[in-house]
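Everything on this sheet refers to the single structure shown next.
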Amino acid sequence: MSLRLYDTLTRTAREFVPREPGKVGIYLCGVTVQAEPHIGHLRSGVSYDVLRRWLGYLGYQVTFVRNITDIDDRVLARSIDEGVPWWALAYHNERILADCYATLGVLPPTYEPRATGHIPEILSLIDVLIERGHAYRGLGGNGDVYFDVRSFPEYGALSRQQVDHMQAAEDGESRAKRDPRDFALWKAYKPTEPADAQWATPYGPGRPGWHIECSAMARRYLGDEFDIHGGGVDLVFPHHENEIAQSRAAGFGFARHWMHNGLLNHAGEKMSKSIGNVVYLRTLIDLGLRPVEIRYYLALPHYRSLIEYSEPAIREAAAAYQRIENFVQRANERVGQVTPTELPPEFVAAMNDDLNTPKAIAVVHDVVRDGNAALADGDDTSVREALAKVRGMLDLLGLDPLQAPWVSDTRGSREKELRAVVERLVTSTLEQREQARARRDYATADALRDQLKQAGILVEDSPRGPRWTLAEGAM
RNA sequence: GGCGGGAUGGCCGAGUGGCUUAGGCAAGGGCCUGCAAAGCCCUGUACGCGGGUUCGAUUCCCGCUCCCGCCUCCA
């Protein structure tokens with residue numbers, strides 16, 4: 001069974017055929033680091049992380065490039081507002097972004113290039129476009145360089161727009177353009193911008209336009225042609241359309257497959273700083289949600305569907321994840337480490353069908369149910385089998401509770417010792433409780449259980465004796 | 001105005017021309033338990049509205065309503 005992925009260019013789910021057998025190159029439009037990322041940005045990160053893990057499962061060697069836009073109008077504007085250097089602002093937010101990704105278990109990309117680190121690549125691409133007659137210097141010598149949309153007949157193919165039907169941008173530079181729809185490859189330095197936000201070039205001092213960096217960096221790390229290009233649906237036009245125009249007009253094959261994730265809305269609108277409806281990762285953590293639960297929430301709906309954020313919905317997702325996690329913990333206590341087994345075919349089929357994670361997770365729940373029944377029946381063979389399957393599936397979604405980063409690393413800390421101490425204390429109390437239960441002194445038994453609960457420890461009885469866990473929010 | 005996506009049971013969320021019509025959360029009933037927790041079993045009977053195609057449509061076609069996104073910075 002082969003992987004089928006929806007391709008925005010053809011508007012169909014197509015079989016994924018790598019350019020080179022066994023290898024996949026992916027370019028994902030990352031984030032402009034003008035501010036702290038919100039969970040909408042992070043959703044995109046999680047979606048493509050699942051894709052990447054799945055490609056790895058299918059045996060591909062994945063080169064995953066996710067860029068950082070560290071200079072653009074907004075970064076500069078904000079740096080002036082805040083009175084900090086634009087590069088300091090960008091780096092500060094880049095660190096927060098990296099931290100958020102790590103918190104949600106998003107694997108680091110193979111490369112994470114920054115726009116400002118690729119000025120030479122950008123300039124040489126612009127040169128090629130000028131040479132080939134697809135770009136020109138701003139009329140009247142304004143120092144900008146524009147892409148000539150009319151020179152590229154395919155323009156509009158991705159977004160299915162026709163140049164003539166587009167609303168012309170009414171920016172101040174329109175008089176310097178041959179056509180109002182032409183877009184800037186290079187932007188001349190303006191005195192209102194930070195003095196250090198400029199590079200000397202044959203066209204005059206300035207900085208790159210937004211779209212050109214992706215064309216330049218994708219080529220730098222993935223070559224003239226590569227497998228998959230991804231980003232949010234809000235990037236289809238103009239950003240990705242312009243990338244295609246730049247790269248293909250320059251003579252490169254560019255992306256063979258276009259993927260776009262759905263957005264995350266809040267209060268009926270797209271989450272965005274300017275609308276003011278943003279929710280941050282830390283907001284959710286302050287709500288008592290654990291990162292793994294947040295990841296589950298973001299990974300559960302199909303990547304192309306819209307998520308309308310709401311607190312009840314994310315809490316519900318947390319409860320659903322806990323059900324899975326409960327099984328994994330219990331089963332692990334019973335049978336311990338399991339050897340990886342083949343994944344359920346329904347799971348594989350769902351993932352191969354344009355990454356149908358809701359269906360795939362339904363399979364996880366099905367196996368969890370069987371596993372719970374096996375646990376109740378004391379059928380360790382079946383428990384072991386179910387656990388291996390569940391953990392295998394969860395691992396590909398980045399949700400295995402027994403895998404990093406969800407298990408705490410106690411190496412070199414005293415936490416391990418602390419745990420051992422708690423273990424001894426709880427065990428001793430539980431022994432007293434068992435003695436009380438044995439003599440049918442339930443008042444004492446219940447008092448001991450309540451005492452532990454007060455301390456944040458939940459006790460459950462089973463035919464195999466009591467079991468304890470840390471209560472939710474025991475901190 | 002142009003281009004796209006969507007409306008599924010109390011809620012979240014897949015999916016399908018008919019067959020026992022995902023999965024989860026919540027709810028009710030049962031089992032298990034000293035009680036509880038966890039778990040297992042059972043129950044609900046949904047596809048925005050109006051037409052059409054069809055033996056049969058939630059699923060295909062047409063129209064309508066409403067929502068979201070893009071066309072300006074945007075994952």
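Computation of the quantities below employed the complete heavy-atom set of this structure, encompassing side-chain atoms and omitting hydrogens, waters and symmetry-equivalent molecules. Source: prediction; values computed, not measured. Letters go in sequence order (proteins before strands), and every chain restarts at 1.
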Query raised in the report: Any donor-acceptor pair under 3.5 Å between the side chain of A:D377 and the base of B:C40?
Result: no
Query raised in the report: Across all strands shown, which nucleotide pairs with B:C19 by Watson-Crick or G-U wobble geometry, both distances under 3.5 Å?
Result: none
Requested in this report: For A:H118 and A:Y221, test the side chains for any donor-to-acceptor distance below 3.5 angstrom and give the result as yes or no.
Outcome: yes
Query raised in the report: Mind checking whether A:F254 and A:F226 have ring centres under 6.0 Å apart?
Result: yes
Report task. Determine whether the aromatic ring centres of A:H229 and A:H257 lie less than 6.0 Å apart. Result -> no
Query raised in the report: If the P atom of B:U43 is compared with that of B:U33, how far apart are they to the nearest Å?
Result: 24 Å
Requested in this report: Check the distance between B:C70's P and A:W258's CH2 and give it to me in whole angstrom.
Outcome: 18 Å
Requested in this report: Kindly say if A:N372 contacts the phosphate of B:A38, meaning a side-chain N or O under 4.0 Å from OP1 or OP2.
Outcome: no
**Report entry** d(NE2, A:H365; P, B:G24) in whole Å
**Finding:** 6 Å
Query raised in the report: Taking NZ from A:K270 and P from B:C71, how many angstroms apart are they, rounded to a whole number?
Result: 7 Å
Requested in this report: Would you kindly give the CD-to-C1' distance between A:E241 and B:G2, to the nearest whole Å?
Outcome: 14 Å
Query raised in the report: In whole Å, what separates the C1' atom of B:U72 from that of B:G2?
Result: 16 Å
Query raised in the report: Could one point to a donor on the side chain of A:D446 or the base of B:G34 with an acceptor on the other under 3.5 Å away?
Result: yes
Query - From A:D144, A:D72, A:D73, residue fulfilling side chain to side chain donor-acceptor pair (under 3.5 Å) relative to A:K187 - result: A:D73
Query raised in the report: According to a strict under-4.0 Å criterion, is A:S159 in side-chain N/O contact with OP1 or OP2 of B:C71?
Result: no
**Report entry** Counter-base of B:U45, judged by Watson-Crick or G-U geometry with both distances under 3.5 Å
**Finding:** none
**Report entry** B:C68 versus B:U21 - spacing of their C1' atoms, nearest Å
**Finding:** 28 Å
Query raised in the report: How would you label the contact of A:S305 with the nucleic acid (heavy atoms, under 4.0 Å): base, sugar-phosphate, or nothing?
Result: sugar-phosphate
Query raised in the report: Any side-chain N or O of A:R464 less than 4.0 Å from the OP1 or OP2 oxygen of B:G39?
Result: no
Query raised in the report: Over how many whole Å does the gap from A:R449 atom CZ to B:A36 atom C1' extend?
Result: 4 Å
Query raised in the report: Is any side-chain nitrogen or oxygen of A:R369 closer than 4.0 Å to OP1 or OP2 of B:G24?
Result: yes
Query raised in the report: Is any side-chain heavy atom of A:I324 less than 4.5 Å from a side-chain heavy atom of A:Y296?
Result: yes
Query raised in the report: How would you label the contact of A:F237 with the nucleic acid (heavy atoms, under 4.0 Å): base, sugar-phosphate, or nothing?
Result: sugar-phosphate
Query raised in the report: Across the strands shown, which category fits A:G156 at heavy-atom distances under 4.0 angstrom: base, sugar-phosphate, nothing?
Result: nothing
